[in-house]
Amino acid sequence: MIKLIASDMDGTLLNNKSIVSQDNIAAIEAAHRAHIKFVVATGRGLSEAAPLVQELNQRPDFITLNGALVYNQQLQPVVKLPITNEALTASLNILAQHHLYYEIVTTDGIYSTSRIQRIQNTAYFLKKLNPTLLYKMAVARATSRSELMNITYVNNFAPLLENPQTEVMKILTFKGKNAQDFSDACQELQNLDDIIVTSSSPNNIEINSQKAQKGIALTKFAAEQGIQMQEVMAIGDNLNDQSMILAAVIGVAMDNAIEPIKEIAQYQTSDNNHNGVAQAIWHAIKLNRTMERNGKNN
């Protein structure tokens, strides 16, 4: 039986307007009534993720920053996996050599050295989600949405990184104008030890500790809840969802997922604009009911 469902956010739980549909909300509430735990598993930080699911009657647990920080329903951190100092220095050197804009995510939030580039990259991301959206409107939306712009701007990262209390959980960098620099940097980063390089959209690279993967975090979280991975469903659309889709007994690919995710999934649902998460949840509920009728508990 399915006792836990983990869902990615962007391109999965959220539609192209970055909203959780009423159908998805209803399905999540139905899962709770059916005693199925729901956890959000996202590359976003908590300050970006939590406001987007505030309409849920019951607050979910959160696997954030691709598994680097996990929070319980009381929003207390229960797992923390920062990037090692050596891997951090090597990663930032590569990004600097290729002149790539990047953001640093710590336990205290997101830091950037350029508000303009932050807005431009967020606008590009929104336009990718909704191709019909005019770029000017994407910029306006990026500027106005607090959960997208909840960020601290600094002149440079040196004081932050020199502070011994700083724990860097993720580095996020973007393609920018020079695609070759982006591609070369990605290749060099993948050769480093102690980090994992994934992405949540075609224009970004997400750098985490090797241990900070959604699949690893989901496995640990499930174990703490007394749930086996044979009782877990995971839903996603992109490379940073791969590990949890492989770890779950039922990996679900969105219809809008990239091909590598569809190839490893056991089940494919509708896209994020047509309540694919709701469809997957109802599929899990139906499976559980069928097993109950057959007299099976696992």
Side-chain angles (χ1 to χ4, degrees), residues 41-49 63-71 77-122 124-125 150-217 220 238-240 242-243:
T42 178
R44 291 175 181 252
L46 184 66
S47 63
E48 293 180 300
I63 295 172
T64 70
L65 304 176
N66 296 328
L69 271 172
V70 181
Y71 296 87
V78 293
V79 175
K80 188 188 297 184
L81 297 167
I83 301 171
T84 65
N85 290 335
E86 294 79 5
L88 175 63
T89 299
S91 298
L92 296 184
N93 284 341
I94 289 172
L95 297 179
Q97 288 167 10
H98 292 283
H99 310 289
L100 293 175
Y101 164 79
Y102 60 88
E103 297 168 2
I104 289 177
V105 188
T106 75
T107 51
D108 296 321
I110 306 168
Y111 292 83
S112 166
T113 56
S114 173
R115 188 171 189 274
I116 292 175
Q117 288 191 275
R118 169 69 169 179
I119 292 172
Q120 288 176 340
N121 286 305
T122 303
Y124 178 88
F125 172 73
N150 193 347
I151 191 166
T152 300
Y153 294 98
V154 294
N155 292 326
N156 65 76
F157 291 122
L160 178 70
L161 298 174
E162 290 168 1
N163 184 341
Q165 301 302 314
T166 298
E167 293 180 292
V168 176
M169 313 307 292
K170 187 176 87 167
I171 307 165
L172 180 63
T173 189
F174 299 87
K175 184 178 288 186
K177 296 179 180 179
N178 193 326
Q180 188 58 52
D181 278 346
F182 181 78
S183 178
D184 290 346
C186 183
Q187 184 61 53
E188 291 179 33
L189 288 164
Q190 288 172 338
N191 292 330
L192 294 179
D193 294 328
D194 297 329
I195 65 165
I196 184 166
V197 180
T198 60
S199 65
S200 57
S201 77
N203 80 315
N204 75 17
I205 294 173
E206 301 186 356
I207 304 164
N208 286 95
S209 163
Q210 180 67 39
K211 298 176 182 178
Q213 301 182 44
K214 288 185 181 183
I216 295 174
K220 289 182 178 180
N238 220 310
L239 290 176
N240 63 343
Q242 184 178 47
S243 62

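Residues take their numbers from the sequence shown, with the count starting at 1.
- Qualifying side-chain contact (heavy atoms from CB on, under 4.5 Å) partners for Asn156, counting only residues two or more places apart in sequence or in other chains: Ala158, Pro159.
- Shown here are the side chain to side chain donor-acceptor pair (under 3.5 Å) partners of Asp108, two or more places apart in sequence or in another chain: there are none.
- Screening residues 83-103 for salt bridge (Lys or Arg N to Asp or Glu O under 4.0 Å) gives Glu103-Arg118 as the qualifying pairs, with residues at least two apart or on separate chains.
- Screening residues 88-100 for salt bridge (Lys or Arg N to Asp or Glu O under 4.0 Å) gives no qualifying pairs among residues at least two apart or on separate chains.
- Qualifying side chain to side chain donor-acceptor pair (under 3.5 Å) partners for Ser209, counting only residues two or more places apart in sequence or in other chains: none.
- Here salt bridge (Lys or Arg N to Asp or Glu O under 4.0 Å) pairs that include residues 202-212, with residues two or more places apart or in two chains, are Lys170-Glu206.
- Under the rule for a side-chain contact (heavy atoms from CB on, under 4.5 Å), the partners of Ala68 that lie at least two apart in sequence or sit in another chain are Leu65, Met169, Asn208, Ala212.
- With sequence neighbours excluded, the residues satisfying side-chain contact (heavy atoms from CB on, under 4.5 Å) with Thr173 are Leu95, Leu100, Tyr102, Ile205.
- Ser112 meets the side chain to side chain donor-acceptor pair (under 3.5 Å) test with Tyr101; sequence neighbours excluded.
- Residues passing the salt bridge (Lys or Arg N to Asp or Glu O under 4.0 Å) test with Glu167 are Lys80, sequence neighbours excluded.
- Among residues two or more places apart in sequence or in another chain, the side chain to side chain donor-acceptor pair (under 3.5 Å) test is passed with Asp194 by none.
- Contacts of Ala90 classified as side-chain contact (heavy atoms from CB on, under 4.5 Å), with partners at least two apart in sequence or in another chain: Leu192.
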